[in-house]
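To start, the structure under review is shown below, and the notes come after it.
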2 protein chains.
Amino acid sequence: MTFGGKPTERGESRATVEYVLLGLLAIQPSGEIHGYDLGRALADGVIGQIVRVEPGMLYHYLKRLSRDGLLSTRVEAQVGRPDRQLHSLTAEGWNSLSTWLAAPVRSTREIRLEFLIKLYLSRQLDPAQARRLVLEQLNVMNARSQRLEAQIQATYPSTPDYVFGETILQLREGQTRAALEWLNSLPEASDSSESGNE
Amino acid sequence: MTFGGKPTERGESRATVEYVLLGLLAIQPSGEIHGYDLGRALADGVIGQIVRVEPGMLYHYLKRLSRDGLLSTRVEAQVGRPDRQLHSLTAEGWNSLSTWLAAPVRSTREIRLEFLIKLYLSRQLDPAQARRLVLEQLNVMNARSQRLEAQIQATYPSTPDYVFGETILQLREGQTRAALEWLNSLPEASDSSESGNE
DNA sequence: CCCGCCATGTAAAAGGTTACATGATTTA
DNA sequence: TAAATCATGTAACCTTTTACATGGCGGG
């Protein structure tokens with residue numbers, strides 16, 4: 001279908017769901033969890049309101065993450081039940097997760113998915129990092145808002161198509177402003193704290 | 001990946017891109033067009049800013065639509081160039097397109113894709129229909145906004161997860177309100193016209 | 001006794017992306 | 001003479017969805 005503004009930039013890395021799994025693993029007190037429990041934690045928790053992962057995909061992704069060295073897996077034998085595959089983050093896994101968590105998202109659309117997850121996870125893993133994330137995201141959205149405003153100000157020929165193009169820009173600008181206001185309402189945005197932004 | 005709130009309700013019908021193709025065909029003065037030109041019309045026009053369709057997919061969808069009886073295709077022979085497949089809408093194609101155009105979208109996310117396309121097309125095909133679409137979309141978003149507000153008002157336990165759930169709701173509500181304001185800014189929303197809603 | 005839970009998967013199908021094939025013809 | 005345009009597609013590949021397989025065990 002290829003929706004959205006950018007050319008499907010998946011060049012960089014892995015799917016959001018994989019980071020969700022890494023993140024859920026990271027916030028386990030025990031440090032390890034098996035697929036079934038992970039599925040329940042996902043379905044029952046807040047993150048389940050944002051992302052949905054079918055069992056088939058869940059195990060598929062866990063395999064992939066293990067294959068790629070982001071998880072290490074040990075088997076716990078059980079009596080009368082299938083063995084549990086207990087997964088835990090490797091150093092590489094932590095690394096990959098931290099890098100992902102640190103990067104603000106580019107588009108408004110992504111705020112409603114990736115950013116929410118990043119915020120949720122980094123609040124639990126590292127509040128200072130959460131603050132940095134929010135501030136950087138504010139910068140990104142501010143830049144975006146200004147770019148859109150400039151585009152709207154620019155004079156167009158008044159053919160119907162250009163007029164419609166302006167209407168599109170106005171929608172995007174409104175969505176961006178709403179996101180900005182929401183970001184500013186977060187505790188991380190108003191916190192008096194000296195930990196500067198980068 | 002399976003994002004979004006609802007269970008991927010694609011039970012009803014076909015992909016948005018297919019309606020885009022039907023719609024672009026519908027607004028051709030000649031009533032017919034071949035794939036290559038369609039691709040250019042898409043890439044050059046405003047719709048290209050919303051959806052992107054690779055050539056491979058384009059011809060694939062045209063075949064599907066032909067197979068399903070929404071398009072009829074005639075071949076125009078050419079010298080020194082491949083033959084042109086000239087497509088035009090069948091009665092069933094018009095029907096399918098009109099039904100799709102008449103239905104408002106459910107979520108805020110879909111406003112930025114499907115609704116924009118519906119608006120663009122129905123403005124050119126039937127302005128009265130465009131007015132109905134906008135008004136119905138306003139109703140949908142109003143209902144959504146009120147539902148979200150009610151959810152936010154409801155008292156939660158103040159566990160971190162519930163607090164975060166509320167934060168999510170606030171984001172959604174902000175996005176919905178922005179969409180409402182944008183809808184209200186459209187000429188269709190303020191037009192003094194007697195053509196009632198439904 | 002039947003159903004649903006536990007825990008892991010596999011297999012098939014559907015959908016989407018990317019790159020390339022073809023081959024004449026106009027443009028630089 | 002090289003490149004881009006025209007016009008249509010195919011093939012290979014990846015991702016996602018859906019449904020089902022397994023098999024003991026606890027609850028109604």
Quiz item: Distance check: side-chain N/O of Tyr59(B) vs OP1/OP2 of dT8(D), anything under 4.0 Å?
Solution: yes
Could you pull out every donor-acceptor pair under 3.5 Å between side chains of residues 95-102 of chain B and any protein atom, sequence neighbours left out?
residue  : atom : partner  : partner atom : Å
Ser98(B) : OG   : Trp94(B) : O            : 2.7
Thr99(B) : OG1  : Asn95(B) : O            : 2.8

Quiz item: For residues 57-66 of chain A, which residue pairs qualify under salt bridge (charged side-chain N to carboxylate O under 4.0 Å, His left out), counting only residues two or more places apart or in two chains?
Solution: Glu18(A)-Arg64(A)
Self-check item: Pair Gln175(A), Arg172(A): side-chain N/O donor-acceptor within cut-off below 3.5 Å
Solution: no
Self-check item: salt bridge (charged side-chain N to carboxylate O under 4.0 Å, His left out) partners of residues 82-99 of chain A, not counting sequence neighbours, each pair once
Solution: Glu76(A)-Arg84(A)
Practice problem: Find the distance Arg64(B):CZ to dG9(D):P and express it as a whole number of Å. | Solution: 16 Å
Quiz prompt | Separation of dA14(C) C1' from Asp68(B) CG (nearest whole Å) | solution = 14 Å
Practice problem: Take atom CD of Glu54(A) and atom P of dG15(C), then tell me their distance rounded to the nearest Å. | Solution: 16 Å
Quiz item: What are the residues of residues 69-82 of chain B, sorted by number, that bring a heavy atom to within less than 4.0 Å of DNA chain D?
Solution: Gln78(B), Arg81(B), Pro82(B)
Practice problem: Grab the NE2-C1' distance between His60(B) and dG15(C) for me, whole Å please. | Solution: 7 Å
Quiz item: Which salt bridge (charged side-chain N to carboxylate O under 4.0 Å, His left out) pairs, counting each pair once, include a residue from residues 118-130 of chain A, with sequence neighbours left out?
Solution: Arg123(A)-Glu188(A)
Quiz item: What's the CD-C1' distance between Gln85(B) and dT8(D), to the nearest Å?
Solution: 8 Å
For residues 180-187 of chain A, run the donor-acceptor check on the side chains, cut-off 3.5 Å, and write out each pair with its distance to 0.1 Å, sequence neighbours left out.
residue   : atom : partner   : partner atom : Å
Trp182(A) : NE1  : Thr167(B) : O            : 3.1
Asn184(A) : ND2  : Leu180(A) : O            : 3.4
Ser185(A) : OG   : Trp182(A) : O            : 2.6

Self-check item: side-chain contact (heavy atoms from CB on, under 4.5 Å) against Val79(B), all qualifying residues, sequence neighbours excluded
Solution: none
Quiz item: Given atom CZ of Arg52(A) and atom C1' of dT15(D), what is their separation to the nearest angstrom?
Solution: 19 Å
Quiz item: Which pairs with one or both residues in residues 30-43 of chain B pass salt bridge (charged side-chain N to carboxylate O under 4.0 Å, His left out), sequence neighbours excluded?
Solution: Glu32(B)-Arg74(B), Asp37(B)-Arg40(B)
Quiz item: Residues from residues 28-48 of chain B sitting under 4.0 Å of DNA chain C, heavy atoms only?
Solution: none
Quiz item: How long is the line joining NZ of Lys63(B) and P of dA7(D), in whole Å?
Solution: 17 Å
Exercise. Would you please confirm or rule out a distance under 4.0 Å between OP1 or OP2 of dT15(D) and any side-chain N or O of Tyr61(A)?
Key: no
Self-check item: Which nucleotide in dG16(C), dG9(C), dA7(C) has an atom nearest any side-chain atom of Met57(B)
Solution: dG16(C)
Quiz prompt | Short side-chain to backbone donor-acceptor contact, Thr90(B) and Gly69(B), under 3.5 Å | solution = yes
Practice problem: Using atom CG of Leu58(A) as one end and atom P of dT16(D) as the other, report the distance to the nearest whole Å. | Solution: 14 Å
